[in-house]
Amino acid sequence: MPATTDFSHLFAARARARGGAELSAILAGSPPGVLSMTGGFPNPATFPAGVLEEIVGRLLRDDAAVALQYTPVEGIASVREYLADRQEQLHARRPAAGELIVTSGGMECIALACQALVEPGDAVAVEAPTYLGALMAFAGAQADVHEVPMDADGLLVEALQERLAAGLRPKFLYVIPDFQNPTGRTLPLERREALVELCRRHGLLVFEDVAYRELAFDGGSLPSLRSLAPDVVVQAGTFSKVFFPGVRLGWAAGPREVVAQLAAAKQNTDQCAGGLGQRMVEEYGRAGHFERELPKARGLYHSHWRALERGLRALPAGCSYTEPAGGFLTWVTLPEGLDAVAMRDDASAAGVAYVAGAPFYAGGAGTNELRLSFSHLGPEQLEDAARRLAGVVDARLPA
Ligand SMILES: Cc1ncc(COP(=O)(O)O)c(C=O)c1O
């Protein structure tokens, strides 16, 4: 019998449901010479390599038995203690015992929520547009994704209210209240209060993703959803944007019975987040480095946004863009009729790259929208990139 190399008949239905080409393309980067505004990657200038050299050296010398060992599934006790202190400082509420676990990043929290809560066909509610990684995880879990529209201030709480009144019963609502991926929008306080009140009334679990929360340009922050309603909110956090993504570390904090299920799911995935990374975050944080370094990172990203914004003013009439107050991202809307996917080749020829908007929607909207990240390129390059983009858009408009 001839050997076969086609194994596609073996693939699970959830593997077929999963997209992913767009995310792989973002992670792969752009060709040399192209000014790429694709990935929401933190700027390497913010990576604390010097301090880490000292911390890692010390951990290897004095704490190898813990830092290089497997850890409890919920995380090393002293690290959880540190994260609880940090929650108290940043969210005005200290998680009780069993309400917080250490995870292998924010993306893992989403995957654990899918494993613990979502059966094929279950409804999950999301903002539209929303984080591509989350949409892919929900597709992989064969969830029935329901989009809730946004305006310039984020999720429209009344729109969610209407859907719930019409009988929608999602397993949870996935929401990114601060400097949202992909739009850069922030949910104002009144909406946060109205949202958690609505969810509480309907017994709807909220999954709050705070990936960019600590990167407000002015250092400020609104109360997190978890701080407003710890009874109905699970918070997923990550150290990828404020420390470095290579550490693959984050946390989940929420009602004890939900967190216990996330921990049980983690037992079936990687069993524990890497111990060395856990101890690095703890030592780095306990020494006060976040307080020292974050203001510099915020200043850097703010200067990047200002430069990009200068360039974006060259976009032709009929285009608009969001004005983030933090984070890495802005969302551009092109005139009706332009197609951001079709425009990509022109952009590439002009030496500029973006992520087309459609994959950030579950339902196929967003044709004339696109996402720009200003985290990675320097200010001059960003201004140049935006002007190149403006030229590409201009050339596509009817004469
Ligand atoms: C909104 C949001 N959540 C989660 C993540 C993933 O974070 P992590 O690197 O911790 O998996 C990202 C990364 O871009 C993100 O933008």
Backbone N/O of [Y] and side chain of [X]: donor-acceptor pair under 3.5 Å:
X      : Y      : result
Asp346 : Met343 : no
Ser373 : Thr38  : no
Ser375 : Phe41  : yes
Thr238 : Ala211 : no
Glu127 : Thr130 : no

Side chains of [X] and [Y] in contact at under 4.5 Å (non-hydrogen atoms):
X      : Y      : result
Leu52  : Phe244 : yes
Thr71  : Val102 : no
Arg201 : Gln161 : yes

Run the ring-centre check on [X] versus [Y] and record whether the distance is less than 6.0 Å.
X      : Y      : result
Phe374 : His304 : no
Phe328 : Tyr301 : yes
Tyr212 : Tyr131 : no

Verify whether one side chain among Glu323 and Trp305 offers a donor that lies under 3.5 Å from an acceptor in the other.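 Absent: no donor and acceptor within the cut-off.
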Side chains of Gln87 and Glu99: is there a donor and an acceptor less than 3.5 Å apart? no
Looking at Glu53, I'd like to know if its CD atom is crowded, meaning that more than 12 non-hydrogen atoms belonging to other residues, nucleotides or ligands lie closer than 6.0 Å.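 No, not enclosed.
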Taking ring-ring contact (aromatic ring centres under 6.0 Å, His included) as the test, write out the residues that go with Tyr284, two or more places apart.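 Applying ring-ring contact (aromatic ring centres under 6.0 Å, His included) to Tyr284 gives Phe243, His289, Phe290.
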So, are [X] and [Y] salt-bridged, with charged N and O less than 4.0 Å apart?
X      : Y      : answer
Glu309 : Arg306 : no
Glu208 : Arg226 : no
Lys296 : Glu293 : yes
Asp62  : Arg279 : no

Nearest 0.5 Å please: distance from the [atom1] atom of [X] over to the [atom2] atom of [Y].
X      : Y      : atom1 : atom2 : result
Leu262 : Leu117 : CG    : CG    : 6.5 Å
Arg185 : Gln180 : CZ    : CD    : 7.5 Å
Arg298 : Asp218 : CZ    : CG    : 8.5 Å
Glu193 : Leu187 : CD    : CG    : 10.5 Å
Arg213 : Leu90  : CZ    : CG    : 7.5 Å
Glu81  : Arg86  : CD    : CZ    : 15.0 Å

Leu164-Val145 co-clustered via ILVMFWY side chain contacts under 4.5 Å: no
Any side chain to side chain donor-acceptor pair (under 3.5 Å) pairs touching residues 148-159, not counting sequence neighbours?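 Found Asp151-Arg191.
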Under the side chain to side chain donor-acceptor pair (under 3.5 Å) rule, what pairs show up with a residue in residues 329-343, not counting sequence neighbours?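 Residue pairs with at least one partner in residues 329-343: Thr322-Thr330.
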Scan for salt bridge (Lys or Arg N to Asp or Glu O under 4.0 Å) pairs involving residues 229-243, sequence neighbours excluded, and state none if there are none.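 Listed by first then second residue: Arg200-Asp231.
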Identify the two heavy atoms, one from Gly285 and one from Glu291, that lie closest to each other, and give their separation to 0.1 Å.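 Shortest heavy-atom separation between Gly285 and Glu291 comes out as O-OE1, 4.5 Å.
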Work out which heavy atom in Leu338 is nearest to a heavy atom in Asn368; give both atom names and the distance.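 Where Leu338 meets Asn368 most closely, the heavy atoms are O-CB, 3.2 Å.
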Could you work out, with side-chain contact (heavy atoms from CB on, under 4.5 Å) as the rule, every residue matching Pro245, not counting sequence neighbours?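 For Pro245 the side-chain contact (heavy atoms from CB on, under 4.5 Å) partners, ignoring immediate neighbours, are Pro42, Phe47, Ser240, Arg248.
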Please, which pairs that meet ring pair (Phe, Tyr, Trp, His ring centres under 6.0 Å) have at least one residue in residues 64-106, sequence neighbours excluded? none
